[in-house]
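Before any comments, here is the structure.
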Amino acid sequence: MKEWFLAVRPQTLIISIAPILLSQVEVYQAICEAGQGNFSWTIAWLALACAVALQVSVNLANDYFDYLAGVDGELRQGPARVDGKGGIALEQVKWARSEER
């Protein structure tokens with residue numbers, strides 16, 4: 001589980017969360033000021049979940065294709081990435097990002 005947690009790069013999730021939260025606050029304020037319609041918490045949560053899922057998918061796909069292309073070599077600096085030698089097999093990463101499950 002630890003390898004998967006690191007593979008999704010949780011520090012990057014703010015990139016997807018921040019714009020969704022900001023836009024939802026703006027929509028909520030606009031609805032409250034206008035006094036018309038209802039704010040949909042269901043849609044707000046679904047938008048947030050979708051944004052996070054897309055960011056995680058992009059992170060996994062990036063690691064997968066960088067490894068296949070040989071971009072992340074031995075001289076790479078920074079946190080460990082998903083590779084064929086790590087705790088997560090490439091086949092597992094490919095399955096995790098696949099839409100054909």
Side-chain angles (χ1 to χ4, degrees):
M1 275 313 260
K2 181 180 178 183
E3 289 89 7
W4 280 105
F5 181 75
L6 296 174
V8 300
R9 295 187 236 160
Q11 71 276 16
T12 66
L13 297 182
I14 193 67
I15 295 167
S16 60
I17 293 172
I20 297 297
L21 288 179
L22 181 62
S23 64
Q24 294 302 328
V25 167
E26 291 292 324
V27 168
Y28 184 80
Q29 286 178 341
I31 288 174
C32 288
E33 287 176 7
Q36 298 174 352
N38 294 321
F39 183 79
S40 175
W41 288 101
T42 303
I43 292 175
W45 284 109
L46 288 173
L48 186 63
C50 182
V52 169
L54 288 169
Q55 184 68 41
V56 168
S57 297
V58 167
N59 288 344
L60 291 174
N62 181 45
D63 284 355
Y64 179 80
F65 288 111
D66 280 356
Y67 176 76
L68 290 181
V71 174
D72 291 338
E74 292 181 16
L75 298 177
R76 186 192 173 284
Q77 297 179 353
R81 296 284 189 240
V82 174
D83 61 20
K85 302 172 276 188
I88 304 173
L90 286 177
E91 292 78 24
Q92 290 177 313
V93 176
K94 184 177 179 182
W95 181 85
R97 66 169 194 81
S98 174
E99 296 174 5
E100 300 176 7
R101 282 184 254 152

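These numbers come from a predicted model, not from an experiment.
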Point to revise | Same cluster (ILVMFWY, side-chain, under 4.5 Å), I17 and V8 | key: yes
For residues 36-55, which side-chain donor-acceptor pairs fall under 3.5 Å, sequence neighbours excluded?
unit_1 : atom_1 : unit_2 : atom_2 : d
S40    : OG     : I43    : N      : 3.1
Q55    : NE2    : N59    : OD1    : 3.3

Acceptor/donor pairs from residues 21-35 side chains to any protein atom, 3.5 angstrom cut, sequence neighbours excluded:
unit_1 : atom_1 : unit_2 : atom_2 : d
S23    : OG     : P19    : O      : 3.1
S23    : OG     : I20    : O      : 2.8

